[in-house]
Amino acid sequence: MSTEELEKILSDLLQPDNAVIQQATIQLKEALRRPMALAHLCQVMSESQSPQIRQFAAVLVRRRMTKHWRKLPAPEQDTLKNLILSTLQQETDHKVCLGLAQLAAVILKHETLERWPQLLVLIQQRAQSQDPIQCEVGLLLLSCALELDPDVFAPHYLELLNFFNRILDNLGHPGPPLLLAPQPEHHGGGDGFGRNGG
C-alpha cells in the first residue's frame with residue numbers, strides 16, 4: 001500500500017458516512033500490519049495538505065510508539081525523532097502541533113532528556129521566542145512532556161522553575177530571547193536545565 005492510499009483511508013475515516021468509515025476501518029487495520037506502515041504514516045504526518053489528516057496520522061504514530069518504541073532499530077528511532085523536530089518547526093496548525101507534541105512526549109518518556117538533547121534545544125528556543133506561534137510550540141512541547149511524565153524533569157525542577165521565571169520576564173520585557181543558561185550552583189542540583197552536574 002502506498003502513502004497516497006493510506007492518506008485516502010485516513011480521509012475516509014473523517015467522513016460523515018458510517019459505511020465509508022466502517023470500510024476504511026477495515027482497510028486501516030490491514031494497512032497497519034504491513035512493514036512500511038510506520039514510514040507511510042510518518043510521511044502523511046509531515047506532508048499531507050490536510051491539517052486534519054496530519055493530526056490523525058500523528059495520533060496513530062503516537063499510539064504505535066507508546067507500545068512499540070523500543071522495538072524500533074536505533075537508526076529508525078533517530079529518523080523519527082528528527083522528523084518530529086523538523087515537522088514541528090514547519091507546522092502552523094495548533095491541533096497538529098499538539099498531536100506532534102504529544103508524540104514527542106511519548107518518545108521522551110522512553111528516551112529521557114539526556115538521550116534526546118535536540119528536543120530540549122527546540123523547547124528552549126521556541127518557548128522564549130518573540131513569535132507567538134513559535135512560543136506556543138515550545139510551551140506545548142514542555143506541557144505535554146510534563147503532563148505525561150513529570151519525572152523526566154525530576155533532576156531539573158529548580159532549573160525548570162528558573163526557566164519559567166525567565167520566560168515570564170522575557171514576555172514582559174520584549175527583547176532578544178534568553179537561552180537556558182546555567183544557574184548558580186545549589187545543593188544537590190545540576191549545572192543547567194537538562195544536564196547533571198559532574
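What you are looking at is a predicted structure, and each value in this text was computed from that prediction instead of being measured.
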Look up atom [atom1] in [X] and atom [atom2] in [Y], then write down how far apart they are to the nearest 0.5 Å.
| X | Y | atom1 | atom2 | answer |
| --- | --- | --- | --- | --- |
| S50 | L14 | OG | CG | 7.0 Å |
| L10 | Q55 | CG | CD | 11.5 Å |
| Q134 | L139 | CD | CG | 12.0 Å |
| E4 | H40 | CD | NE2 | 8.5 Å |
| K81 | E76 | NZ | CD | 13.0 Å |
| R70 | L72 | CZ | CG | 11.5 Å |

Can you confirm whether [X] is buried at [atom1], in the sense that more than 12 heavy atoms of other residues, nucleotides or ligands lie under 6.0 Å from that atom?
| X | atom1 | value |
| --- | --- | --- |
| K8 | NZ | no |
| E147 | CD | no |
| Q52 | CD | no |

Would you say the side-chain atoms of [X] pair up with the backbone N or O of [Y], donor to acceptor, closer than 3.5 Å?
| X | Y | answer |
| --- | --- | --- |
| T66 | R62 | yes |
| S48 | M45 | no |
| E91 | D93 | yes |
| Q15 | S11 | yes |
| R64 | L32 | yes |
| S46 | C42 | yes |

Say whether [X] and [Y] are linked into one hydrophobic cluster, either directly or through other cluster members, by side-chain heavy-atom distances under 4.5 angstrom.
| X | Y | result |
| --- | --- | --- |
| M36 | L38 | no |
| I133 | L100 | no |
| V96 | L98 | no |

Which pair of heavy atoms, one from [X] and one from [Y], lies closest together, and at what distance?
| X | Y | result |
| --- | --- | --- |
| A101 | L88 | N-CD2, 4.5 Å |
| A37 | A31 | CB-O, 3.5 Å |
| P51 | Q49 | CD-O, 3.5 Å |
| C135 | A127 | SG-O, 3.1 Å |

May I ask you to test the [X]-[Y] pair for a side-chain heavy-atom distance under 4.5 Å?
| X | Y | value |
| --- | --- | --- |
| T25 | L13 | yes |
| V61 | I84 | no |
| L141 | R126 | no |
| L6 | Q27 | no |
| W116 | L85 | yes |
| L80 | W69 | yes |
| D78 | P75 | no |
| Q118 | L122 | no |

Could you go through the side-chain contact (heavy atoms from CB on, under 4.5 Å) check for R115 and T112 one step at a time? CA-CA 6 Å; R115 294 172 60 184; T112 74; 3.7 Å; yes
Is any side-chain N of the basic residue among E47 and R54 closer than 4.0 Å to the acidic one's carboxylate O?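 R54 and E47: not salt-bridged.
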Residues E30, R33: salt bridge by 4.0 Å N-O rule: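 Between R33 and E30 there is a salt bridge, with a charged N closer than 4.0 Å to a carboxylate O.
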Step by step, work out the side-chain contact (heavy atoms from CB on, under 4.5 Å) result for H94 and L140. CA-CA 10 Å; H94 172 78; L140 272 176; 4.0 Å; yes
Before you tell me yes or no, could you show the steps for I21 and D12 under side-chain contact (heavy atoms from CB on, under 4.5 Å), namely the whole-Å CA-CA distance, both residues' side-chain angles and the distance that decides it to 0.1 Å? CA-CA 6 Å; I21 292 174; D12 287 345; over 6 Å; no
Using the rule given for side-chain contact (heavy atoms from CB on, under 4.5 Å), can you reason through L103 versus V59, listing the C-alpha separation, both sets of side-chain angles and the distance that settles it, and then say yes or no? CA-CA 7 Å; L103 170 57; V59 170; over 6 Å; no
